[in-house]
Every structure is written in structure tokens, then in C-alpha cells.
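Side chains included, hydrogens not; waters and symmetry mates left out as well; all remaining heavy atoms used. Here is the naming used below: chain letters follow the sequence lines, and residue numbers restart at 1 for every chain.
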2 protein chains.
Amino acid sequence: MRRSSEDTKASILGAARERFAADGYDRTTIRAIAADAAIDPSMVMRYFGNKEKLFAAAADFDLHLPDLSGVPEDRIGATLAAHFVERWEADEALMVLLRTAVTNEDVAGRMREIFASQLGPLAVKLSGDPATAARRAGLVATQMLGLALCRYVLRLPPVVEMTHQDVVGWLGPTLQRYLVGRDG
Amino acid sequence: MRRSSEDTKASILGAARERFAADGYDRTTIRAIAADAAIDPSMVMRYFGNKEKLFAAAADFDLHLPDLSGVPEDRIGATLAAHFVERWEADEALMVLLRTAVTNEDVAGRMREIFASQLGPLAVKLSGDPATAARRAGLVATQMLGLALCRYVLRLPPVVEMTHQDVVGWLGPTLQRYLVGRDG
DNA sequence: GTCTATAATTCGATAGAC
DNA sequence: GTCTATCGAATTATAGAC
């Protein structure tokens, strides 16, 4: 069959995202991606150059943090918790990134950048204290990435079984304290 | 040089733990482990059969959860937080396991077993409520594994810079609420 | 107990025909 | 735009000499 360049590229990217998310970077082969996309392996090379560039294209994403300016001060933690769960379940690129960052130092570096540049400013804005903002952002990351790890990657049954509402109810107060609380 | 069987086995295991922890399962090669142990690759096969069995031997471990019966009720979260950080930094096998569980379904299964069998009973004992114990244990896992992920694997700077005391001060109350709190 | 040699795979990447 | 064919490298694993 004959497809357009754009169709081919898109189907390769889709297959790549699934494979990278399911198997991690090392275990994923260009051959497998090509087979999923029903195309020859050499086409993948033609469009993306090499495996690393294909990964970069598949893992490109944005946290899309919500605008919290209209949210009541005491609902910030809950709002953020709800947003993270939805965002995570909507975009496979996040899992691709987490799975890969664990065994790839370059990707871990990208993850550091993402959280520093997107979560850091939010923490400054919320806590009003630039001195502790970085730490607050880091704490939020530990809880949110920990949830993602246990729920979507390790699939610990009690964590998988929680509804969105359960997650917001339990993690909301935690994030609230990390972002705007006074102790520590 | 001529070494005893035990010496050889021990040095292979040590090298394997370091490699698996540093590079993950897929990236770690038997050849590299053998080189680290200053031995021929075929010796590794001789002693451990194959790569998978070598990994199983290197990742064998125990959470060694502390006895909390003598700890005041309101200090349980802090005690557990302190214990986890110390345990994590003392035993490389934990990082080996986490790094590998992320891209290996069999190992993820072992991780599920470990947390269910070791953290579950603790939650029952503490909360006194078998109905919610599994969920409480799961929540503790999200926060503790999230800390480990950000601090030891992704190495997010603000999380790495926290002292043991900082960790206990911030995460203690979180674990406390997950284990013995009433909301959710 | 240790090593050499090598079999058997698998993979990323390239060249080139159609 | 798509595919065949293949190279070169790396890896697990085995057989067997010393």
C-alpha cells in the first residue's frame, strides 16, 4: 500500500510511543515499531534518522500545568492532584518518559529540566517564598511521580483500584502542605 | 590468580549489584560484570546459569521493617520515614530492584509481593482497620517509592539536597496521615 | 577453577533497486 | 515512498582444552 508521508510518520510515532511506554527504551527495537506500524524498518530510519531521535520525537511533551490563579487557596492541592491524574492518563508520553528516565541518564536530565522549569515557578508563585520554592516543588514531584510509579508502572493493586476521587482526597492534602504549608 | 569458589561467587555478586543498580537490567552485560570482577565471562555463567538467575541472586532482599510497637502513636510516620531513608541508602539491592521493576514485568511482580506482604500487615496493625489497610499501605508506597525515585534515581537536585532530618520533617506527617489518619 | 574459541542471535544502520 | 539485502557490531550461551 501507498501512504502519504504524514500518515506514515504519524503511524510510526504512534507505534513508537506504545512500544517505548510498554517496554522501555532498551527493549524497544526499531524492527518491532516498524512491524506495529506495518512498514519496513528502514522507513523508520529514513524519517527519524536514528533510534535516539525517534525517542525524542515520541517523548516530546508538556506538563500543561493548570492556571491556579482562580482557585481558592485551600483547594490548590486537590486541584493539582486531580489535574495530574487526568494529564497522566491522557498522554502516553509521560509514561514513556518516566520509564526511560530510570535507566537513561540523558532522559533523566530532561526530566529534571521539565520539573525545574514547570513546577518550580508554580511553587514560587504559590508559597511566595523563593528560598523554599525549589524544595516544595521537589516534594510535590516525589508524591506525584510516586503515585504514577505505583499506579501506572508497578501497578500495585490497592493504588490501581483508587478512583480519581480517592486520589484527590488522599493526595490533595499532602500536596497542599508541600506547596503552601508552614512546617518542615 | 586462583581464588576459592566462594570468593569468586561473592565478587561476581558484588559487581552484579553495582552494574544492575547503575545501568538497569538490559544495559548490564555479563561481560561487564565479569570485567569488574576481574574474571572470565564464562565463569559467571558457570556459577549462576544465566543472566536472569544472576539478577535474582543480586536483587534478593528484605525491607527489614522496624518493630513499631514501642513507638509513640504520633511518632510512627517520622520513625518510618527515617527508617526508609537509612535502609535505602544502606542496601544497593533496593535500587537494583526499583530500576529493574520499571521495565521488567516479572520484577514488578516481585515488588508487588514485597510491598503487599511486608507493608500490608504493618498497616493492619497500625490502623486497626483491615478494610482500609491495603489502601493505606499503598499510599505509603507511593510516597516512599516516589522519594526514592526522585532522590536516588532521577536525582532531582532539591530532593537530593534534603538532609535525613528534612525528609523526616516533611514526609513524616504524610506517612502518619496515610497510616493512622481518618480522612480520605 | 579458569580460559579460549565459537556458535547462534539480534540489532542498528546503510546502500541501492523499483 | 517502499522494500530487499546485507554489513558490522554486540550479546548470550555453549563446548571443551588446560
**Study point:** N or O in side chain of Thr8(A) less than 4.0 angstrom from dT2(D) OP1/OP2
**Key:** yes
Check your understanding: Between atom CG in Asp7(B) and atom C1' in dT2(C), what is the gap in whole Å?
Key -> 15 Å
Check your understanding: Within this structure, what is the CG-to-P distance between Asp40(A) and dG12(C), rounded to whole angstrom?
Key -> 13 Å
Counting only pairs under 3.5 Å, give me each side-chain donor-acceptor contact of residues 87-94 of chain B, with atom names and distances, residues two or more places apart or in other chains.
residue	atom	partner	partner atom	Å
Arg87(B)	NE	Asp62(B)	O	3.4
Arg87(B)	NE	Leu63(B)	O	3.1
Arg87(B)	NE	His64(B)	ND1	3.3
Arg87(B)	NH2	Asp62(B)	O	2.6
Arg87(B)	NH2	His64(B)	ND1	2.8
Arg87(B)	NH2	Asp91(B)	OD2	3.4
Glu89(B)	OE1	His164(B)	NE2	2.9
Glu89(B)	OE2	Arg151(B)	NH2	3.4
Glu89(B)	OE2	Tyr152(B)	OH	2.6
Asp91(B)	OD1	Ala93(B)	N	2.9

Review point. Partners of Pro121(A) by side chain to side chain contact (heavy atoms under 4.5 Å, CB included), sequence neighbours excluded?
Key: none
Point to revise | Ile12(A) CD1 to dG1(D) P, straight-line distance once rounded to whole Å | key: 11 Å
Check your understanding: To the nearest 0.5 Å, how far apart are CG in Leu156(B) and CE in Met111(A)?
Key -> 8.0 Å
Review point. Is Arg112(A) paired with Glu105(A) through a side-chain N to carboxylate O contact shorter than 4.0 Å?
Key: yes
Review point. Does a donor on one side chain and an acceptor on the other come within less than 3.5 Å for Thr174(A) and Tyr178(B)?
Key: yes
Exercise for review: Just jot down the side chain to side chain contact (heavy atoms under 4.5 Å, CB included) partners of Ala32(B), sequence neighbours excluded, or say none.
Suggested key: Arg19(B), Thr29(B)
Practice item. List in chain and number order the residues that pass side chain to side chain contact (heavy atoms under 4.5 Å, CB included) with Val160(A), two or more places apart in sequence or in another chain; answer none if no residue qualifies. Key: Arg155(A)
Check your understanding: Tyr25(A) vs Phe20(A) aromatic rings, parallel, tilted or perpendicular, using cut-offs 30° and 60°?
Key -> parallel
**Study point:** Residue-level proximity of residues 21-31 of chain A to DNA chain C when a heavy atom falls under 4.0 Å
**Key:** Thr28(A), Thr29(A), Ile30(A), Arg31(A)
Revision key, fill the gap. In numerical order, the residues of residues 45-52 of chain A whose heavy atoms come under 4.0 Å of DNA chain C are Met45(A), Asn50(A), Lys51(A)
